[in-house]
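Both ligands and their constituent atoms are indexed starting at 1 by order of listing. Residue numbers count from 1 along this sequence. Please read these numbers as outputs of a predicted model, since none were measured by experiment.
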Amino acid sequence: MTALSPQSLPQHVAIIMDGNGRWAKKQGLATRIRGHEIGVEALRRTTSAAAEIGIRYLTVYAFSSENWSRPKAEVDALMRILVSSLGKELPTLLKNNIRLNAIGALDSLPKSCLKELNETMAKTAHNDRMVLTLALSYGSREEMVHAIKGIAQQVAAGELKPDQIESSHVEHFLYTAGMPDPDLVIRTSGEQRISNFLLWQISYAELYFTPVLWPDFDRKHLEEALLSFGTRERRKGLTSEQLQSTVSAQ
Ligand code: IPE
Ligand code: IPE
Ligand code: MG
């Protein structure tokens, strides 16, 4: 495999970790839950690999707003897995100097989850090698509505005029305020959709879809995605010639 060059690495990688249920079915398991449990191991491998490779921000879609509508037994199991993994992963996060962060409607999580999450975030708050953000009870449309409400309140209070509203005001009220936008979005399991994930933030992200089911995802798959990213020309509306001249002027 060609070596990954540091100049062409994304700063921020976002992953839609999909396919746990299909993985469990393929293994002939009676429930989807085991797929979610093994999915945690894939997240551990991917997090360590991303930090070692030099990714600064890794954001993973762990539970969507829409996932609350799944059968209660599955939702309960996912919350249980979340609590137990947060506790178990703390030493690895500390050892690898990774800060844990979370985005989403976190208040809708069970109290035990929120407590464990807040504790793990506080204990890793000073780590600065990579930020691992869990998107939990996350939906991009809800996030945008939340931002619109924040802006509307500023307008109602007379702090901001409607014609002064800019992208930066929206960004200020997003859960991701202060984070760079993802450069690369990876979705596993062969689905080619975004499923209400970071719609504002991925405006210019490169998309990478792989048929690999999330519990099977490992460092080699991450490196394949990063290599593909390295071959993309991110024009952002410019022509290829304009980009070449900016590169040669540097
Ligand atoms: C992703 O795997 C995990 C969550 C959405 C919580 P799925 O549970 O969606 O697995 P599939 O897509 O049914 O295989
Ligand atoms: C997206 O996966 C959400 C997460 C990975 C947490 P889903 O399995 O819920 O998405 P859809 O329903 O296939 O779009
Ligand atoms: Mg799915």
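Contact check on Glu37 versus Arg34 returns a salt bridge, with a Lys/Arg side-chain nitrogen under 4.0 Å from an Asp/Glu carboxylate oxygen. The pair Glu119-Lys115 meets the salt-bridge criterion, since a charged nitrogen lies less than 4.0 angstrom from a carboxylate oxygen. A salt bridge between Glu223 and Arg219 is present, with a side-chain N of the basic residue lying under 4.0 Å from a carboxylate O of the acidic one.
Taking a cut-off of under 4.0 Å to the non-hydrogen atoms of His36, the atoms of ligand 1 that pass are 3 (C), 8 (O). Of all atoms in ligand 2, listed by their number and element, those nearer than 4.0 Å to a heavy atom of Phe63 are 6 (C).
Of all protein heavy atoms, the one closest to atom 2 (O) of ligand 1 is Asn20 N, 3.2 Å. Taking atom 14 (O) of ligand 2 as the reference point, the nearest protein heavy-atom neighbour is Ser195 OG, 2.6 Å. For atom 9 (O) of ligand 2, the closest non-hydrogen atom on the protein side is Asn67 ND2, 3.0 Å.
Gln11 and Tyr57 are not linked by any side-chain donor-acceptor pair at a separation below 3.5 angstrom, with hydrogens and angles left out of the test. A donor-acceptor pair shorter than 3.5 Å cannot be found between the side chains of Glu143 and Trp200. In this structure, a donor-acceptor pair under 3.5 Å is absent between the side chains of Arg80 and Ser84.
With a 4.0 Å cut-off on non-hydrogen atoms, Ser64 does not touch ligand 1 at all. If you look at Ala62 next to ligand 2, the close heavy atoms, those under 4.0 Å, all belong to the backbone.
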Let me see the working for Leu109 and Leu117 under side chain to side chain contact (heavy atoms under 4.5 Å, CB included), right down to the final yes or no. CA-CA 10 Å; Leu109 294 172; Leu117 193 60; 4.0 Å; yes

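For atom 10 (O) of ligand 2, the nearest non-hydrogen atom from the set Arg70, Arg187, Arg193 belongs to Arg187. The residue among Arg32, Glu66, Arg22, Met17 with a heavy atom at the shortest distance from atom 13 (O) of ligand 1 is Arg32.
Of all N, O or S atoms in Asp18, the one lying closest to the Mg ion (ligand 3) is OD1.
Inclusion of Asp18 in the set of residues having an N or O under 3.5 Å from an N or O of ligand 2 is warranted.
Applying side-chain hydrogen bond (donor to acceptor under 3.5 Å, both in side chains) to His12 and the options Thr176, Thr59, Thr133 leaves one that passes, Thr59.
Using a non-hydrogen distance threshold of 4.0 Å, Ser189 does not register as a contact of ligand 1.
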